[in-house]
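Remember, predicted model here, so these are calculated numbers, not experimental data.
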Amino acid sequence: MNRRIRKITAALGAAVLALSVSACGLETNAALPFAVGPGSIKAVPALSGVDVTVGSKDFTENIVLAYMAELALSAAGMDVTDLSDIKGSTNARQALLAGEIDVTWEYTGTGWINYLGNTDPIPDEREQYEAVRKADLELNGISWLDYSPVNNTYAFATTAAFAQQHNLKTTSDMTNYLKQNPQEAVFCVETEFASRQDGLPGVQKLYDFPTTEVKQFGTGAIYASIANETCRFGEVFTTDGRIAGLNLTVLEDDKKFFPQYNVCPTLRQDYLNAHPEVADVLRPVAAELTNDQMIQLGKKVDIDGQDAGAVARDWMVEKGFVTAG
């Protein structure tokens with residue numbers, strides 16, 4: 001049975017734990033124009049008519065992922081409420097803990113460092129996932145479903161033309177090049193990244209590359225600054241759509257300095273216990289995603305100006321998970 005997804009505009013404040021939905025200024029708007037039916041994701045009798053609220057953080061990738069989850073759960077027969085675009089990771093996390101949302105996609109590195117308070121990341125993807133999954137369940141009652149190959153971690157990037165010209169594929173390649181050409185060691189980074197030990201100071205210490213100048217920008221401006229050669233290298237997120245849209249090349253972190261940020265659906269364990277079938281519905285969607293696909297989907301939103309919900313729906317239909325209503 002096709003179901004329409006209710007849209008809620010998110011304006012969660014820092015005190016979300018202490019406030020009700022109405023007190024947070026959330027308003028229910030008209031239903032989104034997405035009626036989908038079962039594809040490879042079939043209707044699940046045990047989920048028919050069950051309410052589920054899906055949330056997301058306030059950046060493109062996480063919003064697209066939220067829509068994918070909503071469409072999958074809708075095809076399975078659930079009554080879905082959209083609470084995407086919550087401002088800030090902390091507010092999204094608190095909304096999950098408080099029961100304002102039931103499902104949200106989270107990143108292993110964020111969970112391990114930001115939420116669980118660890119300082120040392122685990123270099124191996126699987127080991128990092130297993131560690132955060134175990135600890136978050138034990139400490140906070142949050143269940144992490146199977147993780148996706150999508151790994152939205154940090155890296156350095158330069159223009160594709162410059163990378164090809166100088167055969168730059170890894171951060172070690174960049175280091176060797178800059179030691180011979182220190183005048184090219186102009187970096188664009190976020191203000192926070194410039195001073196964090198898991199940012200520029202730490203990665204520079206490990207790789208030992210020189211910096212002639214470090215320019216600090218907002219995230220969006222960094223991509224454009226790399227493309228227009230305001231800086232030769234810049235800090236990027238490895239699955240950002242602007243990488244493809246601006247023809248940039250991401251340099252592999254070959255010494256594995258940066259934390260792993262594989263994305264996973266997360267739920268409160270009590271909700272999952274009540275509706276275990278949700279895990280089976282979301283599992284194939286997470287498994288199908290890749291970094292390259294996520295970059296292209298993000299490009300459609302951030303560069304081509306398409307609607308995030310429509311991009312998610314088209315991908316879900318293309319992969320056969322759902323059928324268009």
Side-chain angles (χ1 to χ4, degrees), residues 1-12 16 21-22 24 26-58 60-86 91-92 95-106 142-143 145 148 263-268 270-286 288-289 297 301 307-325:
M1 177 174 64
N2 290 341
R3 302 210 175 248
R4 298 176 70 81
I5 302 171
R6 298 190 297 274
K7 172 66 180 175
I8 290 180
T9 302
L12 286 174
V16 65
V21 172
S22 61
C24 286
L26 305 179
E27 298 178 358
T28 303
N29 294 329
L32 288 177
F34 298 128
V36 296
S40 60
I41 295 174
K42 304 298 184 184
V44 180
L47 295 178
S48 180
V50 173
D51 290 331
V52 62
T53 300
V54 180
S56 85
K57 306 179 189 185
D58 57 345
T60 296
E61 175 176 294
N62 214 240
I63 293 170
V64 170
L65 289 168
Y67 282 125
M68 289 179 181
E70 291 167 11
L71 295 164
L73 296 170
S74 180
M78 301 188 80
D79 284 339
V80 179
T81 296
D82 170 49
L83 194 56
S84 58
D85 200 17
I86 298 170
N91 284 337
L96 179 64
L97 292 171
E100 307 289 3
I101 60 177
D102 303 309
V103 178
T104 188
W105 295 77
E106 192 51 86
I142 299 299
S143 181
L145 304 185
S148 169
V263 68
C264 316
T266 60
L267 306 84
R268 292 183 315 285
D270 59 353
Y271 188 88
L272 185 60
N273 287 342
H275 309 293
E277 300 84 1
V278 168
D280 296 328
V281 173
L282 296 178
R283 183 174 293 113
V285 178
E288 182 67 24
L289 290 161
L297 295 172
V301 178
D307 176 74
V311 168
R313 177 201 57 199
D314 292 347
W315 184 85
M316 293 286 287
V317 171
E318 176 188 341
K319 296 297 180 180
F321 291 125
V322 302
T323 54

I'd like to know whether Val311 forms a side chain to side chain contact (heavy atoms under 4.5 Å, CB included) with Tyr67, so could you lay out the CA-CA distance, the side-chain angles of the two residues, the decisive distance to 0.1 Å, and finally the verdict. CA-CA 9 Å; Val311 168; Tyr67 282 125; over 6 Å; no
Any [X] side-chain heavy atom under 4.5 Å of [Y] side chain:
X	Y	value
Met78	Val278	yes
Val80	Leu71	no
Met316	Val36	no
Phe321	Met68	no
Asp102	Val54	no
Leu47	Val52	no

Atom pair CD/OG of Glu61 and Ser56 - distance to nearest 0.5 Å: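 The OG atom of Ser56 is 11.0 Å from CD of Glu61, to the nearest 0.5 Å.
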NZ of Lys319 to CD1 of Ile41: how many Å apart, nearest 0.5 Å?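 Between atom NZ of Lys319 and atom CD1 of Ile41 there are 13.0 Å.
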With sequence neighbours excluded, give me every salt bridge (charged side-chain N to carboxylate O under 4.0 Å, His left out) pair touching residues 37-49.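 Qualifying pairs: none.
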Identify the two heavy atoms, one from Val285 and one from Ala72, that lie closest to each other, and give their separation to 0.1 Å.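 Scanning both residues completely, I find the closest heavy atoms to be CG2-CB, 4.2 Å.
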Identify the heavy atoms of Ala75 and Pro38 that sit nearest to each other, and give their distance.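 It is O-CG, 3.6 Å.
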Among all residues two or more places apart in sequence or in another chain, which pass the salt bridge (Lys or Arg N to Asp or Glu O under 4.0 Å) test with Asp307?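 Asp307 satisfies salt bridge (Lys or Arg N to Asp or Glu O under 4.0 Å) with no residue once adjacent residues are dropped.
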Should Leu272 and Leu145 be marked as a side chain to side chain contact (heavy atoms under 4.5 Å, CB included) after you check the CA-CA gap, both sets of side-chain angles, and the distance that decides it? CA-CA 10 Å; Leu272 185 60; Leu145 304 185; 4.0 Å; yes
Look only at the side chain of [X] and the backbone of [Y], and say whether a donor-acceptor pair between them is shorter than 3.5 Å.
X	Y	answer
Ser148	Val263	no
Arg268	Ile101	yes
Thr266	Trp105	no
Thr323	Gly37	yes
Asp85	Ile63	no

Worked verdict on Leu65 versus Leu289 for side chain to side chain contact (heavy atoms under 4.5 Å, CB included): CA-CA 10 Å; Leu65 289 168; Leu289 290 161; 3.5 Å; yes
As a test of understanding, state which of Thr81, Leu96, Asp82 forms a side-chain contact (heavy atoms from CB on, under 4.5 Å) with Thr53.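 The passing option is Thr81.
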